[in-house]
Protein chains: 2
Amino acid sequence: MSEVGIKEIAARANVSTATVSYVLNGTRNVKLNTRERVLRVIEELNYRPNNAAQSLKRKRTNTIGVIAEDVTVFNVPEIIDGINDCADKMDMHILLTNLRLDKRIGRNFDQTDRYRHFADNAVSELLSKQVEGIVYIGVHPRDLTGLIDTLGKPIVYAYCYTQSEISIQYHDEQASYEAMAYLVKKGHKRIGIISGTMDSIPSRLRFNGYYKAVTEFELPFDPQLIKMGNWEAESGYWLTKELMELDERPTAILAMNDVMAVGVMRAASEMNVQIPRDLSVMGFDNREFSDYLIPRITTMDLPLHEIGYQAMDSLALMIKGEQAVRKPMPECKLIERDSVASPRLR
Amino acid sequence: MSEVGIKEIAARANVSTATVSYVLNGTRNVKLNTRERVLRVIEELNYRPNNAAQSLKRKRTNTIGVIAEDVTVFNVPEIIDGINDCADKMDMHILLTNLRLDKRIGRNFDQTDRYRHFADNAVSELLSKQVEGIVYIGVHPRDLTGLIDTLGKPIVYAYCYTQSEISIQYHDEQASYEAMAYLVKKGHKRIGIISGTMDSIPSRLRFNGYYKAVTEFELPFDPQLIKMGNWEAESGYWLTKELMELDERPTAILAMNDVMAVGVMRAASEMNVQIPRDLSVMGFDNREFSDYLIPRITTMDLPLHEIGYQAMDSLALMIKGEQAVRKPMPECKLIERDSVASPRLR
DNA sequence: CTGTTAGCGCCTTCAG
DNA sequence: CTGAAGGCGCTAACAG
């Protein structure tokens, strides 16, 4: 710990500790002369107030806890960045806990029991560290109601859902609707869709968007065009093969994530189907790699930064005891690249 | 702050605060009976010791600060994860500061002045929070000597170099040597190399590895095979075109990062050069996208987790006042995929 | 404008 | 085996 304290400063500057505190915090006017003297000593000794003592006294830490299910999962860093962006502005600090769920239990999110104790521990330690609130960042959008109990401390969930607390999410349904609208605008009518696992919230929501578009734009509704994938490239690959074997092929495929879109591309390349000339493809998530594929794929960008920012913003409000105002749900943005073209007339 | 303190517990359990403290910390034997009584009250009131008070008293926080130049840059999360992995084991907590350099100043790392104050502030606040040490995570390997002053507190740099303190890096030279050795083993002799900007340490180190391989394996040394890129895909693209216009084409290209390897692939696809049949390509970094390209590209994986782990480990030693032992430098691992084949005989 | 002082919640020595 | 009490470094009355 830094050895020098307020007392030492006071002694050296020939003032009382109170005065030092006042110049430090600007809580009261101090004669220019003395102030400068104090400041000089502070400078000389490289003094920095002991935050632990301050917190103890002030009963405020200006610190929030962030629990990330896994910082190495693609969506998390950008959300943290958003939290940070906002926290910086309100002079809040971040105590980060990384649950390392991906490494510890893989993708078995349904088995809550396998990670509840990790979360509980994290909360407990954060609470002990006197955080004023918590942001919980999930790695996959799902319902987390009842996962943790913060004993009344404010908490905001980011990138996941909960029924009892506040959670910040992006507008999944709107996103897939927008993707479809774009495809339609390009002239597509027969549009295949490769979904994620159907027990997941994003899959359902994105499907809603798809369905809404099918209805509104009066597209042919053909169940054969709807394929259930599992988020992995493999499934994109096989389902594309199925789609292309249909009597009436789709002219475009919307994959519910970029990874499956890669599967689509692999299948296409194998079948000598050229993208986007013979088949248009859209992904979802705007993963980094989507910009490096050949062709670069058109996809929906997730408003991750905004999710983090809003989460922090709402949390700050709650900490201040104000009612968190419901802001409009952050929306995805279509990133137009090279994997979509107008269908060729045959 | 949690309202209930040790005093309340003591009162309710009909013991002194000292006793509560003893059962909490196991600092002394307490009669089973009383212990259980105390524990019960603690449980009932959901009591958690106030860490600020503990720290103040104990003069230990069990917390280290992590300063990340930018958490959204690809290498950083995995390093944080490594730090975490190690910190967990020693029951240390992490106070994360995200400098957000990429968003704030882009890639202008040479202009130290533009971000020194961010770093200084971060250190200052961390010090005030009584961290016992600091890990600084750079976003690009470079010499950071003199960037910050921690006033004697232990600091370890990860993923960057420094002359005055301890820094953890991976073995860049060995990595590119190994990449070359692999290419040679596959039968390549004329191997083109596309470097990063030549004022960067990794470029120089990776070039050393290349050169060492050229010498040891007695490959034809042809300056025309050496191209200076700038880490971006564009440069990979143009330099590949140059390489392929040579009278004697290379049969393989080693790009000093995966991004430039994408440029190589774009150029190849445009020139109807098939990878890996007509040209082998290797990347560097094992970026996520390298596994999604078609073909999936062979690349060198960076030991990011290990770097973080070692950094934390060394820091812990320094905090304990022990001399940090120099461990062997973490090494890259070759990830064999589909972009390298043996050259065809003509 | 400045100083004195009582705690914040906890740990720990000393005394029983 | 248990309790009383001082003090960690700082803030904020209260008093001058």
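Residue numbering restarts at 1 for every chain, and letters A, B, ... go by the order of the sequence lines.
In this entry the distance linking CD of B:Gln130 with P of D:dC8 reads 15 Å, nearest Å. Whole-Å rounding puts the B:Leu45 CG to C:dG9 P distance at 15 Å. When the P atom of C:dC1 is taken as reference, atom CD of A:Glu36 falls 14 Å away, rounded to whole Å. Atom CG of A:Asn51 is separated from atom P of D:dC8 by 19 Å (rounded to the nearest Å). Between A:Ile6 atom CD1 and D:dA12 atom P there is a gap of 11 Å when expressed in whole angstrom units.
Both cation-pi conditions hold for A:Arg104 and A:Phe118: the charged atom is under 6.0 angstrom from the six-membered ring centre and inside a 45 degree cone around its axis.
Among residue pairs with one or both ends in residues 120-156 of chain A, those qualifying as ring-ring contact (aromatic ring centres under 6.0 Å, His included) are A:Tyr136-A:Tyr157, A:His140-A:Trp231; sequence neighbours excluded. Pairs of residues two or more places apart, or lying in two chains, never qualify as salt bridge (charged side-chain N to carboxylate O under 4.0 Å, His left out) while including a residue from residues 26-42 of chain A. Pairs passing the salt bridge (charged side-chain N to carboxylate O under 4.0 Å, His left out) check and including a residue from residues 71-81 of chain B, sequence neighbours excluded, read A:Arg100-B:Asp81, A:Lys103-B:Glu78, A:Lys103-B:Asp81.
Residues passing the side chain to side chain donor-acceptor pair (under 3.5 Å) test with B:Thr72, sequence neighbours excluded: B:Asp70.
Here the rule is side chain to side chain contact (heavy atoms under 4.5 Å, CB included) with A:Thr19, and of A:Asn14, A:Val30, A:Ile9 only A:Val30 fits it.
OP1 or OP2 of D:dT11 sits under 4.0 Å from a side-chain N or O of A:Gln54. Look at A:Asn25 and you'll find a side-chain N or O under 4.0 angstrom from OP1 or OP2 of D:dT11.
Proximity of a side-chain donor or acceptor of B:Tyr159 to a complementary backbone N or O of B:Ile307 within less than 3.5 Å is not detected.
Axis angle between the ends of the helix from C:dC1-D:dG16 to C:dG16-D:dC1, five pairs each and rounded to 10 degrees, works out to 40°.
Counting heavy atoms from C-beta on, the side chains of B:Asn75 and B:Leu302 never come closer than 4.5 Å.
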With B for base contact, S for sugar-phosphate-only contact and - for none (protein heavy atoms under 4.0 Å), nucleotides 2-8 of chain C reads BBBBBBB
